[in-house]
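So that the names make sense, note that chain A is the first sequence line, chain B the second, and so on, each numbered from 1.
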There are 2 protein chains.
Amino acid sequence: MSASRGKQHSSVTLDLHAVILAGGTGTRFWPLSRRLAPKQLIALLSDRTMLQETVLRVAPAVPAERRWVVTGGDLADEVGRQLRAVDANATVIVEPVGRNTAPAIAVAAHRVIERDPDAVMAVLPADHVIAKSDAFLRCLARAEEVAREGFLVTIGLVPRRAETGYGYIQRGEPLRVGSPASGVKPDADASSVTLDRCLASSVTLDRCLAFRVARFVEKPDRAAAERYVAAGDYFWNGGMFIWRAAAILDELRAHAPAVAEAATRIAEAMKAGADRNRIDELYRTIEAVSIDYAVMERTRRAAVIPAELGWSDVGSWAALDDVAEKDERGNVISGRVLDFGSERSILYAQDRLVATIGLKDVIVVDTPDATLVCDKDRAQDVRRVVETLEAQRAQEHVTHKTVQRPWGAYTVLEEGECYKIKRIVINPSSRLSLQMHRQRSEHWVVVSGTARVTCGDRVYDVKTNESTYIPPQTRHRLENPDPAIPLQIIEVQNGPYLGEDDIVRFDDDFGRTGR
Amino acid sequence: MSASRGKQHSSVTLDLHAVILAGGTGTRFWPLSRRLAPKQLIALLSDRTMLQETVLRVAPAVPAERRWVVTGGDLADEVGRQLRAVDANATVIVEPVGRNTAPAIAVAAHRVIERDPDAVMAVLPADHVIAKSDAFLRCLARAEEVAREGFLVTIGLVPRRAETGYGYIQRGEPLRVGSPASGVKPDADASSVTLDRCLASSVTLDRCLAFRVARFVEKPDRAAAERYVAAGDYFWNGGMFIWRAAAILDELRAHAPAVAEAATRIAEAMKAGADRNRIDELYRTIEAVSIDYAVMERTRRAAVIPAELGWSDVGSWAALDDVAEKDERGNVISGRVLDFGSERSILYAQDRLVATIGLKDVIVVDTPDATLVCDKDRAQDVRRVVETLEAQRAQEHVTHKTVQRPWGAYTVLEEGECYKIKRIVINPSSRLSLQMHRQRSEHWVVVSGTARVTCGDRVYDVKTNESTYIPPQTRHRLENPDPAIPLQIIEVQNGPYLGEDDIVRFDDDFGRTGR
């Protein structure tokens, strides 16, 4: 199972900034997604996460200094790790609290303008699939041209069915601005190209004709959705926008002045190097509102470029049917699955064996601490599981058994009365904070690499197959001094209380002292 | 979910020997059952295993010195552990290889005769459900009477549906031997009681009327099964037999002389204290044949006592529908299952969370290393999973992650390149063999209890929250000297080869040196 991957070298060059929105905290891909591992940060369709796929999709045409990722404070470490892992860095804008898309976009627009007052920016969700990367880049190039003329451009996805889960965009009159995308000769008269012709030919679609937006429609009922698809002049709203950064701020000031003002204050505070508490405070006062509602549905400058990009927002497990490779019986299968005659099912295994027999339209997702088995028609109800787990104050919706940290990762292998066992991986040249636990002692057995251990006043190395002991109430630090080889240790904790919050940090490479 | 439990004190007293056949190696309850944890040794319907339930069912009426369990060499340790755990001991007869029921019964009959030449023995499968324990004991009491007259008695279960998976027994003429079971007055003339009356009234069934067997029928087709159930004089063959031990040996000599002769040689060798190799050799030559085929279908002395005992052989996961408690939507649910609207499904969780949504007639069984999701109509195909795992030389059909040992148990928590982590529990006053590993070293961290460790020439104690290190090629032993508290340690193994077969045993409490 793999999404088609964008070519690493595209003939398209873009002069725009790519602002990737990666703040979502979706629950619909539980148990693969968790609060601290939301959909955009998991590998759903390839060995790369959706964020990585999104960044790599624009990377051939947009250099690192024009790439931005907006995300939440809880996710920022992991976002940074994922970007570094595919060597596709970006400037990360951290939102202390999520406030929907309008504030995120407004703050990003200010930051972009600081670098280039005339910049065009593309706003791209981090958790969508776009199978046709080259067409997507050509579409962005055309959108950039139209945006430079002052329009707020959206990409309208050609609807493949009467979906009631998406908003729709009705196109209005054709625009005669700019020229069709690079490598394709312009039509003599764009307005003579009917939408039917446009839809009938992918070549014509490639020319990225632009239209005024007649109207935006919220998620319709079934009958309306069928009318829209039959009419041919409606497109799915995929939440992708291209505009001059200055233009979106102008429109925000006109249509949502409070949001615009709050965003300006936040951007100024960031520029002035205000401390985190001040930024947090400003974010808390800003209204949570979508850019669609705040601007797009009100502006007279909206334009739409219809496109067929193999797009999906992958809104639920069932949506994998649209985008993942299937076997001959229509199953999407990943991991160590032994299947006997299932049909149209979605079968995800991770570390463990999953055997399936004779299932029809069933979703099975197995993870180290939780398994989901769901009728495909009920995929939307996965959120009810997450809500129930929240109400039970459970853990299986918050993190995976393996928890990423800026210095590496740990996996809880087992917890019993008075003991807990972790496997800890420390990245090359990384170290944990200098810390102390009041209640627990720790035994460390090095299973690969060499550990540099601080314990009280001593600093010493512990090699593979050696162990050491950290008594309670003793300052200690674990470090991997090797510049290349990860360090792996098994930690056995003993004590009357083993919560992660029994930690006093004295010195931390990641600014976490005092937490 | 719980099977109904027999009362611990019954008014019925039996003078017979109970021979429980516990040698089965079923695959149909995978992944809960494994080769080394077959159905009779797992807790399917209560917190007791089916073997424990079977022994406890007869225990109120049959004392330990008249209880026998026949099982395979691989399972004998675990059988003994399970019997001790419910304080219901029995003499265990170990078969080095399974040879179907006739040899197992013949050898047991010899052993029973050694203790009492006139003994009546009841042969009982260890993996069936009998909900009505009191009725069962009354039935055995009546069968004992009939058996003392020389008959080979079977219990015929009143069929609840036209099942094609069972053999049937057709009753013949009523027998006038003995008197109906204790506590119930005899009919004036048993032969005047028609089967219709017998079936119409559970009181009459309680009187345990006995009939000659007209014939045994192998698993019938659907039409025949329906005819049998409509006719009313056919009963399910549940594989329960009651006879004088001498009588079954007589009949074996008459109808299956080779089996009878081989069984005699085995019993004599056992009596003479022959070594295991000799017994193994004798078993290997004996023909694998069922007692039904070898004797029951041929003898003229067969009798049947019809009974309604809430019986099921629980032949597959789907059969739990017959015997397990259900919720209001017809689901059988066990363990930490969060269900949203499933119907008629069988949902088994163990340590981990299982969330199910909108399933219909689906079986979900989650274990620490494998998960099964199966359409209920395909439950018989679970064996295909096991066959595939065998062909792949996988491990998930052989043992569970937690492996029982005579001294306790171990659980593999994780295996990585060059390391393996186990949690080891050592029973009070128990110890492992004095042993050595050529390839691996072991770190032991005591998480509860106190370990007495032999390492090379030293013997020393390691207390809770202390650790020790066993280098490769060093004789060592782990012991729990405490008479009451289990010892729990975490073992981290390091080395280039970590297979269980890298072990040299020098001294072993369980006769395993030289294996």
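Taking every heavy atom of both residues into account, Ala355(A) and Val385(B) meet most closely at CB-CG1, 3.7 Å. The two residues Arg378(B) and Gly358(A) come nearest to each other via the heavy atoms NH1-CA, 3.5 Å. Val373(B) approaches Leu359(A) most closely through the heavy-atom pair CG1-CD1, 3.6 Å.
Residue Leu413(A) holds its CG atom at 12.5 Å from OG1 of Thr411(B), rounded to the nearest 0.5 Å. Of the inter-residue distances, the one linking Asp366(A) atom CG with Asp366(B) atom CG reads 6.5 Å to the nearest 0.5 angstrom. In this structure, the separation between CG on Asp339(B) and OG1 on Thr388(A) is 11.0 Å, given to the nearest 0.5 Å.
With a 4.5 angstrom heavy-atom cutoff, Val446(A) touches chain B only via backbone atoms. Of the atoms belonging to Glu417(A), not a single heavy atom falls under 4.5 Å from chain B. Both the backbone and the side chain of Val447(A) come within contact range of chain B, with heavy atoms under 4.5 Å apart. In this structure, chain A has a heavy atom under 4.5 Å from the backbone of Thr367(B), while its side chain stays farther away. With a threshold of 4.5 angstrom between heavy atoms, Glu466(A) approaches chain B through N, CA, C or O but not through any side-chain atom. For a residue to count as touching a neighbouring chain, one of its non-hydrogen atoms must lie under 4.5 Å from one of that chain's; by this rule Val492(A) touches chain B with the side chain only. For Phe340(B), the parts lying near chain A are the backbone and the side chain together; criterion is any non-hydrogen pair under 4.5 Å. For Ser342(A), no part lies under 4.5 angstrom from a heavy atom of chain B. Heavy-atom distances place no part of Gln493(B) under 4.5 Å from chain A, backbone and side chain included. Both the backbone and the side chain of Leu372(A) come within contact range of chain B, with heavy atoms under 4.5 Å apart. Contacts of Val382(A) with chain B are made by both backbone and side-chain atoms, with heavy-atom separations under 4.5 Å. Both the backbone and the side chain of Thr356(A) come within contact range of chain B, each with at least one heavy atom under 4.5 Å from a heavy atom of that chain.
More than 12 non-hydrogen atoms from other residues, nucleotides or ligands lie less than 6.0 angstrom from CZ of Arg383(B). Shown here is Arg344(B), whose CZ atom has more than 12 heavy atoms of other residues, nucleotides or ligands within 6.0 Å. Counted within 6.0 Å of CZ on Arg438(B), heavy atoms from surrounding residues, nucleotides or ligands total 12 or fewer; the atom is thus considered open.
Counting only N and O atoms by type, the side chains of Tyr419(B) and Asn465(A) include no donor and acceptor under 3.5 Å apart.
Side-chain contact between Lys360(B) and Lys360(A) is absent, with no heavy-atom pair separated by less than 4.5 Å. Side chains of Asp369(A) and Leu353(B) form no contact here, defined as non-hydrogen atoms less than 4.5 Å apart. The shortest distance between side-chain heavy atoms of Asn494(A) and Val445(B) falls below 4.5 Å. Contact check for Glu414(A) versus Ile421(B): no side-chain heavy atoms found under the 4.5 Å cut-off.
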Step by step, would you call Leu389(A) with Leu338(B) a side-chain contact (heavy atoms from CB on, under 4.5 Å)? CA-CA 9 Å; Leu389(A) 291 172; Leu338(B) 272 187; 3.8 Å; yes
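Without hydrogens or angle criteria, Arg352(B) side chain to Pro368(A) main chain gives a donor-acceptor distance under 3.5 Å.
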